[in-house]
*Asks:* 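Following this message is one structure expressed as structure tokens.
In what follows, every chain begins at residue 1, and chains take the letters A, B, ... in the order their sequences are listed. Values reported hereafter were calculated over all heavy atoms of this structure, with side chains retained and with hydrogens, waters and symmetry mates removed.
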Amino acid sequence: MKEYIRLEILKALKKLDYPEKEFIIDEPKDKKFGDLSANIAMLLSKELKNNPREIAKNILDNLEMDSHKISKADIAGPGFLNFFVSDNYFKNELLYILGSEDYGKLNTNYGKTANIEWVSANPTGPLHAGHGRQVCLGKAIANLLEWTGYKVTREYYYNDAGNQMNNLAKSIRARYEQIFNPDFPFPQDGYVGEYIKEIANKIADEFKDKLVNSSDLEFFKNFGEKENFNKIIKTLEKFGIVHDIFYNETSLYKNGNIDELKNIFKEKNLSYENEGAVWLKMSGKFEKDKVIVKATGEPTYRLPDMAYHIDKIKRKFDLIIDIFGSDHFDTYKEVLFGVQSAGFDTDKIKVIIHQMVTFKKGNESFKMSKRSDNVYYLDDLIDDVGIDATQFFFIMRSANTHLDFDVELAKEQSDKNPVYYLQYAYARICGILRNAEENFESFKKFKLEDLNLDLIKDEYEMNLLKLLSRFPEEIEDTAKTLEPHRLISYLNIVAESFHIFYHNNRVLDLENPSLSFARLCICKAVQKILNSGFTIIGIKSPERM
RNA sequence: GUGCCCGUAGCUCAGCUGGAUAGAGCAAUAGCCUUCUAAGCUAUAGGUCGAUGGUUCGAAUCCAUCCGGGCAUACCA
């Protein structure tokens with residue numbers, strides 16, 4: 001509809017010999033200004049040295065609108081062109097919603113491939129609550145991309161060769177040794193969580209004291225990695241997240257990609273040795289050059305990260321998405337810089353940075369820290385508030401603002417909790433449909449062809465239809481910006497409008513079967529949109545609450 | 001110090017490709033259940049959009065400076 005109006009306005013501009021200019025067509029906040037509004041006249045006013053209202057009038061006089069689509073157009077305020085879309089347009093859209101399998105599913109990106117890499121926590125321990133934000137964001141974004149036509153590869157990258165993993169090995173070994181000798185020293189920067197002891201106990205159960213005084217750190221590392229990964233994957237499964245590919249750092253050594261990249265930097269004279277380490281020139285874009293290979297001969301995380309991104313580029317995805325917390329802000333810039341220096345195009349890579357999360361129980365807020373023993377794990381959070389509330393709370397705010405996660409509010413099984421507002425609307429509709437199915441024999445024989453659209457005229461009904469027809473556009477916007485919280489705002493308005501509709505219009509009425517059927521159809525359409533929306537943002541559609 | 005993010009109602013936050021009277025949820029106050037789920041609806045109250053300048057027909061939105069908070073600034077990842 002927006003496009004239609006835009007085209008017609010452009011035609012009118014041509015007729016008037018006005019210059020063509022980019023302008024905005026948008027829904028005005030106030031309904032009295034119509035369904036859509038264009039600001040073209042104000043934008044032209046300076047160039048034409050004329051009063052915007054007069055320009056608007058000229059445009060309006062030269063507009064030829066199809067009355068089936070636009071019932072009225074007028075001028076208001078400083079020179080807005082306001083359009084009133086005809087009710088029939090929305091009613092036809094209702095038929096379309098009811099008739100199509102997945103209204104709002106776009107084919108904009110049909111045939112394209114996307115890779116989304118997220119979570120990517122190293123297997124040094126279970127996911128903590130703070131990880132939840134990117135876990136949930138990534139899940140929603142991956143769904144969203146699929147909904148717009150992308151073939152999506154979900155990927156998890158982890159470092160299994162670095163210092164952190166050595167640290168894990170040492171920590172587990174120390175806990176294991178302590179079982180037999182309580183005085184065995186624990187490494188200074190070791191991981192102090194209880195889960196390390198659990199892993200140590202498991203080793204002791206299986207191998208008894210055979211590994212005491214063992215220098216086989218590799219064994220402890222592999223054992224720990226496997227244990228931690230099982231836990232991480234179990235947590236992800238609770239969200240229904242399944243990664244297609246787990247990509248580990250080690251494979252980049254095995255296939256020679258890291259050596260190859262090292263050579264590219266050397267040949268291009270972008271790296272140099274100093275104090276035994278290899279440094280990458282950051283050519284003034286960063287404060288100083290960065291180490292890519294330590295004096296010990298071990299690469300820092302940067303080099304494998306760069307090699308990994310180059311690998312993703314070589315796999316020819318049309319879109320490559322990374323999700324990181326803001327604490328990785330600098331590293332991703334370094335990595336992209338390195339990839340570019342090596343001669344690869346990073347245009348396809350989009351990085352989503354989310355800000356940190358603070359958790360609040362009542363007035364007490366607490367932060368995540370792996371160093372402390374007292375960690376709030378993602379599993380704990382899920383146990384506390386449930387999977388849907390977790391998913392919802394993590395994505396209901398824009399990723400680039402700090403998130404205050406109110407655990408008490410999320411736990412609340414009541415009207416206070418914003419998740420239930422949405423889900424309740426859905427459950428209510430299911431209730432009505434059940435009622436129709438069970439108690440009103442007469443509706444069963446109605447078919448879509450029997451729907452009398454003339455019976456829909458009430459403002460609450462029309463309001464809903466207008467909202468529903470906006471769904472595809474909302475999907476497109478949300479997908480373009482990769483900001484799932486926008487979709488939540490929209491679904492909120494849909495739910496609200498439904499509740500108001502419900503309150504004012506009795507749906508099932510034996511005296512008025514045709515009207516009841518019409519309203520039932522509206523309910524079904526709302527149900528479809530809500531269900532699609534919930535599926536994308538990643539929460540359930542409960543039939544009863 | 002430098003880079004990035006944030007500062008909007010008592011609290012948590014939407015709104016930001018400039019547009020008409022700044023929105024929602026929670027909290028507060030007052031109403032609505034013999035009728036499809038009251039996890040709902042209705043109404044009232046609540047604001048110098050951090051501050052100051054600028055850009056223009058028009059700024060919460062763009063620019064500059066300043067103030068406040070977060071994150072980063074490792075031969076950890």
Side-chain angles (χ1 to χ4, degrees), chain A residues 22 24 26 28-30 32-33 37 39 42-43 45-46 51-52 76-80 82 120-122 124 158-159 162-167 189 249 274-279 286-288 290-302 304-305 325-331 333 353-356 358 360 363 393 396-406 409 412-425 427-436 439-440 485-486 488-489 492-493 495-496 498-509 516 519-520 523 544-545:
Chain A
E22 278 287 308
I24 292 172
D26 217 349
K29 282 182 225 159
D30 196 323
K32 76 174 181 225
F33 297 127
S37 176
N39 65 346
M42 275 109 80
L43 297 175
S45 122
K46 195 169 197 180
N51 174 335
F80 287 103
N82 292 335
S120 295
N122 291 339
T124 55
Y158 63 101
N159 300 90
N163 226 355
Q164 294 187 352
M165 291 305 287
N166 290 334
N167 209 347
D189 297 325
E249 181 185 356
N274 187 23
E275 292 175 5
V278 181
W279 297 70
F286 297 82
E287 262 182 55
K288 50 187 179 182
K290 302 285 179 178
V291 172
I292 51 174
V293 182
K294 299 181 228 171
T296 59
E298 227 186 353
T300 62
Y301 67 91
R302 291 187 189 91
D305 271 19
S326 65
D327 52 338
H328 284 241
F329 185 74
D330 273 12
T331 78
K333 282 204 294 193
I353 296 287
H354 71 261
Q355 299 300 311
M356 300 284 99
T358 326
K360 206 170 70 180
N363 287 325
F393 270 66
M396 72 182 191
R397 303 297 184 209
S398 150
N400 61 9
T401 88
H402 303 261
L403 178 66
D404 249 41
F405 196 120
D406 188 335
L409 179 64
E412 189 100 28
Q413 301 260 337
S414 75
D415 55 343
K416 285 184 190 170
N417 194 327
V419 194
Y420 295 111
Y421 187 76
L422 288 182
Q423 292 186 322
Y424 182 56
R428 244 184 177 171
I429 294 171
C430 293
I432 296 170
L433 295 176
R434 266 197 306 273
N435 190 6
N439 303 321
F440 295 87
H485 76 276
R486 287 169 177 247
I488 291 185
S489 306
N492 250 315
I493 303 172
E496 183 186 28
F498 175 74
H499 287 309
I500 296 172
F501 157 82
Y502 172 89
H503 191 260
N504 289 291
N505 303 43
R506 168 93 203 167
V507 176
L508 298 174
D509 176 8
S516 298
R519 287 183 174 160
L520 220 41
C523 288
R544 290 169 206 273
M545 284 174 74

*Asks:* A:Asn166 near the nucleic acid: base, sugar-phosphate alone, or nothing, with a heavy-atom cut-off under 4.0 Å?
*Replies:*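 Here A:Asn166 touches no strand at all.
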*Asks:* When the distance from CG of A:Asp327 to P of B:rA74 is rounded to whole Å, what number comes out?
*Replies:*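 Going from A:Asp327 (CG) to B:rA74 (P), I get 14 Å.
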*Asks:* Examine the side chains of A:Glu412 and A:Asn417 and answer whether a donor and an acceptor come within less than 3.5 Å of each other.
*Replies:*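 Result is no, nothing qualifies.
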*Asks:* Shortest non-hydrogen contact from A:Leu520 to A:Leu433?
*Replies:*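 Residues A:Leu520 and A:Leu433, closest heavy atoms: CD1-CD2, 3.9 Å.
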*Asks:* Any side-chain N or O of A:Lys416 under 4.0 Å from OP1/OP2 of B:rA27?
*Replies:* yes
*Asks:* Taking the P atom in each of B:rG68 and B:rG50, what is the distance between them to the nearest angstrom?
*Replies:* 16 Å
*Asks:* What's the closest nucleotide to the side chain of A:Ala295 if the choices are B:rG40, B:rC75, B:rA20?
*Replies:*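 The listed nucleotide nearest to A:Ala295's side chain is B:rC75.
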*Asks:* Partner lookup for B:rU65, please. Criteria are Watson-Crick or G-U wobble with both distances under 3.5 angstrom; report none if nothing qualifies.
*Replies:* B:rA51
*Asks:* Students often get this wrong, so: under 4.0 angstrom with heavy atoms, is A:Ala427 touching a base, only sugar-phosphate, or nothing?
*Replies:*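 Touches a base.
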*Asks:* Calculate the interatomic distance between A:Asn504 atom CG and B:rC41 atom P; express it in whole Å.
*Replies:*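 Answer to the nearest Å: 11 Å.
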*Asks:* Separation of A:Lys29 atom NZ from B:rG23 atom C1', in whole Å?
*Replies:*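 It is 8 Å, rounded to the nearest whole Å.
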*Asks:* Can you tell me, in whole Å, how much space there is between the C1' of B:rA60 and that of B:rG47?
*Replies:* 11 Å
*Asks:* Rounding to the closest angstrom, what is the interatomic distance between B:rA51 and B:rG40 at atom C1'?
*Replies:*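 Here B:rA51 and B:rG40 have their C1' atoms 43 Å from each other.
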*Asks:* Where do A:Asn122 and A:Asn159 come nearest, in terms of heavy atoms and distance?
*Replies:* OD1-N, 2.9 Å
*Asks:* Ignoring the backbone of A:Tyr420, work out which of B:rA39, B:rC36, B:rA20 is nearest its side chain.
*Replies:* B:rA39
*Asks:* Hey, does A:Glu275 reach any base, or is it just sugar-phosphate, or nothing, if we go heavy atoms under 4.0 Å?
*Replies:* base
*Asks:* Which part of the nucleic acid, if any, lies within reach of A:Asn82 when heavy atoms closer than 4.0 Å are counted: base, sugar-phosphate only, or nothing?
*Replies:* base
*Asks:* My understanding is that a pair needs two contacts under 3.5 Å, Watson-Crick or G-U wobble. By that rule, which nucleotide pairs with B:rU12?
*Replies:*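 Partner of B:rU12: B:rA24.
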*Asks:* Tell me whether the ring of A:Phe33 lies stacked over the B:rA20 base, given a 5.5 Å limit on centroids and a 30° limit on the plane angle.
*Replies:* yes
*Asks:* Over all heavy atoms of both residues, which pair between A:Ile488 and A:Met396 is shortest? Give the atoms and the distance, please.
*Replies:*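 Answer, listing the atom of A:Ile488 first, then A:Met396: CD1-CA, 3.7 Å.
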*Asks:* How long is the line joining OH of A:Tyr502 and P of B:rG40, in whole Å?
*Replies:*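 Checked: the OH to P distance equals 12 Å.
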*Asks:* For the pair made of CG in A:Leu409 and P in B:rA24, what is the distance, rounded to whole Å?
*Replies:*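 Taking CG of A:Leu409 and P of B:rA24, I get 18 Å after rounding.
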*Asks:* With both distances under 3.5 angstrom, what nucleotide forms a Watson-Crick or G-U wobble pair with B:rA39?
*Replies:* none
*Asks:* Between B:rU12 and B:rG70, how far apart are the two P atoms, rounded to whole Å?
*Replies:* 14 Å
*Asks:* With a 3.5 Å limit on both atom pairs, tell me what B:rA45 is paired to, counting Watson-Crick and G-U wobble, or say none.
*Replies:* none
*Asks:* How many Å lie between CG on A:Asn492 and C1' on B:rC26, as a whole number?
*Replies:*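 After rounding, the gap between these two atoms is 13 Å.
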*Asks:* Hey, is the side chain of A:Glu298 pairing donor to acceptor with the base of B:rC75 inside 3.5 Å?
*Replies:*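 Per atom types, no contact qualifies.
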*Asks:* If you define the side chain from C-beta out and look only at heavy atoms, does anything of A:Lys288 sit under 4.5 Å from A:Trp279?
*Replies:* no
*Asks:* For B:rC16 versus B:rC6, give the span between their C1' atoms, rounded off to a whole number of Å.
*Replies:*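 The answer is 13 Å between these two C1' atoms.
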*Asks:* Rounded to whole angstrom units, what separation is found between the CG atom of A:Asp406 and the P atom of B:rG25?
*Replies:* 17 Å
*Asks:* Please give the distance between the P atoms of B:rU29 and B:rG7 as a whole number of Å.
*Replies:*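 To the nearest whole Å, 30 Å.
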*Asks:* Between B:rG19 and A:Asn39, counting only base atoms on the nucleotide and side-chain atoms on the residue, is there a donor-acceptor pair under 3.5 Å?
*Replies:*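 When only heavy-atom distances are counted, A:Asn39 does reach the base of B:rG19 through a donor-acceptor pair under 3.5 Å.
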*Asks:* Using a heavy-atom cut-off of under 4.0 Å over every strand shown, decide if A:Ile500 touches base, sugar-phosphate, or nothing.
*Replies:* sugar-phosphate
*Asks:* Applying a 3.5 Å limit to both distances, which nucleotide forms a Watson-Crick or G-U wobble pair with B:rU73?
*Replies:* B:rG1
*Asks:* Nearest to the A:Ser37 side chain among B:rG40, B:rA20, B:rC75, which nucleotide is it?
*Replies:* B:rA20
*Asks:* Is there a Watson-Crick or G-U wobble partner for B:rU34 with both distances under 3.5 Å, and if so, which one is it?
*Replies:* none
*Asks:* Go nucleotide by nucleotide along RNA chain B from the 5' end; which of A:Arg506 and A:Ser326 gets its closest nucleotide reached first?
*Replies:*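 Nearest nucleotide further toward 5': that of A:Arg506.
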*Asks:* Go through the N and O atoms of the side chain of A:Thr331 and the base of B:rA72, and report whether any donor-acceptor pair is under 3.5 Å.
*Replies:* no
*Asks:* Ignoring hydrogens and angles, answer whether the base of B:rU21 and the side-chain atoms of A:Lys32 contain a donor-acceptor pair closer than 3.5 Å.
*Replies:* yes
*Asks:* Nearest nucleotide by nearest heavy atom, which residue falls closer to the 5' end of RNA chain B, A:Asn159 or A:Asn505?
*Replies:* A:Asn505
*Asks:* Once you round to the nearest 0.5 Å, how far does CZ of A:Arg428 lie from CE of A:Met545?
*Replies:* 11.0 Å
*Asks:* Rounded to whole Å, please give me the gap between NE2 in A:His328 and P in B:rA77.
*Replies:*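 Computing the A:His328:NE2 to B:rA77:P distance gives 11 Å.
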*Asks:* Taking syn as a glycosidic torsion within 90° of 0 and anything else as anti, which one is B:rC33?
*Replies:*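 With its glycosidic angle within 90° of zero, B:rC33 counts as syn.
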*Asks:* How far apart are the closest heavy atoms of A:Ala425 and A:Phe498, and which atoms are they?
*Replies:*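 Here A:Ala425 and A:Phe498 meet closest at O-CE2, 3.9 Å.
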*Asks:* Examine the base of B:rA77 for any acceptor or donor lying under 3.5 Å from a partner atom in the side chain of A:Tyr301, and report the outcome as yes or no.
*Replies:*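 Present.
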*Asks:* Pick base, sugar-phosphate or nothing for A:Asn163, based on heavy-atom distances below 4.0 Å to the nucleic acid.
*Replies:* sugar-phosphate
*Asks:* Check A:Cys523 against A:Ile429 and note the closest heavy-atom contact, atom names and distance.
*Replies:*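 Minimum heavy-atom separation between A:Cys523 and A:Ile429: O-CG2, 3.5 Å.
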*Asks:* Evaluate A:Phe405 against A:Thr358 for side chain to side chain contact (heavy atoms under 4.5 Å, CB included), listing each step before the verdict.
*Replies:* CA-CA 6 Å; A:Phe405 196 120; A:Thr358 326; over 6 Å; no
*Asks:* Could you work out the separation of B:rU56 and B:rU44 based on their C1' atoms and round it to a whole Å?
*Replies:*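 Their C1' atoms lie roughly 38 Å apart.
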*Asks:* Ignoring hydrogens and geometry beyond distance, is a side-chain donor-acceptor pair present between A:Asn82 and A:Ser37 at under 3.5 Å?
*Replies:*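 The criterion, which ignores hydrogens and geometry beyond distance, is satisfied for A:Ser37 and A:Asn82.
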*Asks:* Any idea which heavy atoms bring A:Thr300 and A:Lys294 closest together, and the distance?
*Replies:* CG2-CG, 3.8 Å
*Asks:* Using the P atom as the reference point in each nucleotide, state the distance between B:rC26 and B:rA39 in Å, no decimals.
*Replies:*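 Rounded to whole Å, the distance is 13 Å.
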*Asks:* What nucleic acid atoms does A:Leu520 come within less than 4.0 Å of, heavy atoms only: base, sugar-phosphate, or nothing?
*Replies:* nothing
*Asks:* I need a per-nucleotide contact map over nucleotides 3-18 of chain B, read 5' to 3'. Cutoff is protein heavy atoms under 4.0 Å; write B for the base, S for backbone only, - otherwise.
*Replies:* SSBS-----BSSS---
